[in-house]
Number of protein chains: 2
Amino acid sequence: MAKRHAKYMQIKEHLLRGIASRRFRDSLPSENELAQKFGVSRMTARRALSDLELEGYALRIPGKGTFVQNRRSTQGFFRVRPFRKHAEEHHVTPRTRVLEVTVVEPPKEVAERLRCRQTILVRRLHYFEEEPVRFETRYLRSDLCADILWENLEFESIHEILIHKLNLPLTQVWQRLEAVGVPEEVASLFGVPSGSPAFRMERVTYTFEEPVTRVEYFMRGELYAFEDTFCPQLENV
Amino acid sequence: MAKRHAKYMQIKEHLLRGIASRRFRDSLPSENELAQKFGVSRMTARRALSDLELEGYALRIPGKGTFVQNRRSTQGFFRVRPFRKHAEEHHVTPRTRVLEVTVVEPPKEVAERLRCRQTILVRRLHYFEEEPVRFETRYLRSDLCADILWENLEFESIHEILIHKLNLPLTQVWQRLEAVGVPEEVASLFGVPSGSPAFRMERVTYTFEEPVTRVEYFMRGELYAFEDTFCPQLENV
DNA sequence: CAGTGGTCTAGACCACGTC
DNA sequence: ACGTGGTCTAGACCACTGC
């Protein structure tokens, strides 16, 4: 649909990269500024800004301007939720142990999703207090994420690193959630019987149509739950 | 925002009235037709049609045309999803067996959520083809939903009955999703070993701040998954 | 080929907010 | 008065579909 070479798409990408390093309510360029800067008509610059508002990244106020918008409210249930924030909301101390960081050729299923044969593999175990609750197996495209090897993955959210340090704004997500019994390998890490109930989530994250990382989580069923309140649309007639 | 007297709004209203009496996949007027008919420029006619697509009422296909879209496409992960629709999307034949419909005093936990001591209890088992996949235990406030006793709960979605027959628009939802092992009672209904992995979902539905119904689902883990694609907002700093 | 939607231009007028 | 976003025009070129 939205072709990547369209001018308004390029302007959107430029703005999204800017938004990643700005704060809530910071001002964004006006339609006229953008039109002049990119040498396009005002309608084209406008299209970029309006799209961002529709997608929730910006707030436009007639007579005032366009501002970075940051409501966390709507995605709710399946929001991409960094582990530390999850922990904060439950008032427990989070801890992360890095089990493995290597450069590998990924399994072919992952290679297809990431359209890439060179990846960084990260395995981490996440704790609430001293209790292991989530096991993470993540592949990152090494052409895009090589710099992540320099980061401290015990204390920093990979999500945040991608967005703010590697300048890879998170623009699209595919994910799948299952209820499973934990496989043996994970069970021993969790210290629970093999087959205990757990969530399994698989997620692929994109920057502008470009896949960046694929992650698989196992989350202990007794300790994890998704909870949310929202307002659905009224159904059609 | 969108002023009612804007020309594109008038065209939208005209189209929406038309859509109500058309069928899924019926063709809608083209941009040029609308521009001529309403004496506006193509960009204005286009705005009306594009808006309808964004709002889920229409599907636009380059080179072909614009068509009435009926299913709400935005299928968020946790959309309130009637069972039959879920089945349709997976191309399997759904079936529902009603196990119990009684008037009861609910457990105190449910009574608190519904703020009510008189409820209708419905237990149903849902099948894909001949395979049981979901078990439902639902309490409905009898002061609001008494008429549901007259409905055929084997063929009709309770969700639809509440909205369209009892005139209880669904304005808010609270829900919680867990990964659990199925309890014995449910395991025997499913025909699986007790403790097999499953989703457990609890949901309370409101009409204008007024709780209407509380439902608990068990869904077989091997047969159920939530999958979605979406565009997240950037996270806060 | 003609028709469709997708993008884009270079102007225009308006209502609104700030100064 | 000036800048902002909201609407609108009358053209244009493109890629795609169906015939």
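By convention in this document, chain letters (A, B, ...) are assigned in the order of the sequence lines, proteins followed by strands, and residues within each chain are numbered from 1.
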Under 3.5 Å, which N/O atoms of the protein pair with N/O atoms of nucleotides 8-10 of chain C?
residue: C:dC8; atom: OP1; partner: A:Lys7; partner atom: N; Å: 2.3
residue: C:dC8; atom: OP2; partner: A:Tyr8; partner atom: N; Å: 3.3
residue: C:dT9; atom: OP1; partner: A:Lys7; partner atom: NZ; Å: 3.0
residue: C:dT9; atom: OP2; partner: A:Ser41; partner atom: N; Å: 2.8
residue: C:dT9; atom: OP2; partner: A:Ser41; partner atom: OG; Å: 3.0
residue: C:dT9; atom: OP2; partner: A:Thr44; partner atom: OG1; Å: 2.5

Of all residues at least two apart in sequence or in a different chain, which pass the side-chain contact (heavy atoms from CB on, under 4.5 Å) check with [X]?
| X | result |
| --- | --- |
| A:Arg17 | A:Glu13, A:Asn167, A:Pro169, A:Phe208 |
| A:Phe38 | A:Ile11, A:His14, A:Leu34, A:Val40 |
| B:Gln36 | none |

Listed by chain and number, what are the ring-ring contact (aromatic ring centres under 6.0 Å, His included) partners of B:Phe199, not counting sequence neighbours?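 Per chain and number, B:Phe199 pairs via ring-ring contact (aromatic ring centres under 6.0 Å, His included) with B:Phe226.
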Could you check how far [atom1] of [X] sits from [atom2] of [N], rounded to whole Å?
| X | N | atom1 | atom2 | value |
| --- | --- | --- | --- | --- |
| A:Gln10 | C:dT7 | CD | P | 13 Å |
| A:Glu31 | C:dC16 | CD | P | 17 Å |
| A:Leu34 | D:dG3 | CG | P | 16 Å |
| B:Leu28 | C:dT4 | CG | P | 13 Å |
| A:Arg60 | D:dT7 | CZ | P | 10 Å |

Base, sugar-phosphate, or nothing: which does B:Thr66 touch, judged by heavy atoms less than 4.0 Å apart?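 Sugar-phosphate contact only - B:Thr66 comes under 4.0 Å of backbone atoms but never of a base.
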Salt-bridge present (A:Glu202, A:Arg113; N to O < 4.0 Å):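 Yes, charged N to carboxylate O under 4.0 Å.
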Contacts of type side chain to side chain donor-acceptor pair (under 3.5 Å), residue B:Ser50, not counting sequence neighbours: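 Side chain to side chain donor-acceptor pair (under 3.5 Å) list for B:Ser50, sorted by chain: B:Arg60.
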Does A:Arg46 have any side chain to side chain donor-acceptor pair (under 3.5 Å) partners at least two apart in sequence or in another chain, and if so, which?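 Listed in chain order: A:Glu31.
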Could you work out, with salt bridge (Lys or Arg N to Asp or Glu O under 4.0 Å) as the rule, every residue matching A:Glu136, not counting sequence neighbours?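 Scan of A:Glu136 (salt bridge (Lys or Arg N to Asp or Glu O under 4.0 Å), adjacent residues dropped) gives A:Arg124, A:Arg138.
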Partners of B:Glu216 by salt bridge (Lys or Arg N to Asp or Glu O under 4.0 Å), sequence neighbours excluded?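 For B:Glu216 the salt bridge (Lys or Arg N to Asp or Glu O under 4.0 Å) partners, ignoring immediate neighbours, are B:Arg200.
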Distances under 3.5 Å between nitrogen or oxygen atoms of protein and nucleotides 1-3 of chain C:
residue: C:dG3; atom: N2; partner: B:Gly63; partner atom: O; Å: 3.1

Compile the donor-acceptor pairs under 3.5 Å between side chains in residues 100-107 of chain A and protein atoms, sequence neighbours left out, one pair per line.
residue: A:Glu100; atom: OE1; partner: A:Arg123; partner atom: NE; Å: 2.9
residue: A:Glu100; atom: OE2; partner: A:Thr102; partner atom: OG1; Å: 3.1

For B:Ser27, does its backbone N or O pair with a side-chain atom of B:Arg22 as donor and acceptor, under 3.5 Å?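 Side chain of B:Arg22 to backbone of B:Ser27: a pair is present.
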Return no unless some side-chain N or O of A:Arg46 is found under 4.0 Å from OP1 or OP2 of D:dG5.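 Negative; the distance criterion is not met.
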State, to the nearest 10°, the angle formed by the axis through the first five base pairs of the helix from C:dC1-D:dG18 to C:dT18-D:dA1 and the axis through its last five.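 Answer rounded to 10°: the end axes differ by 10°.
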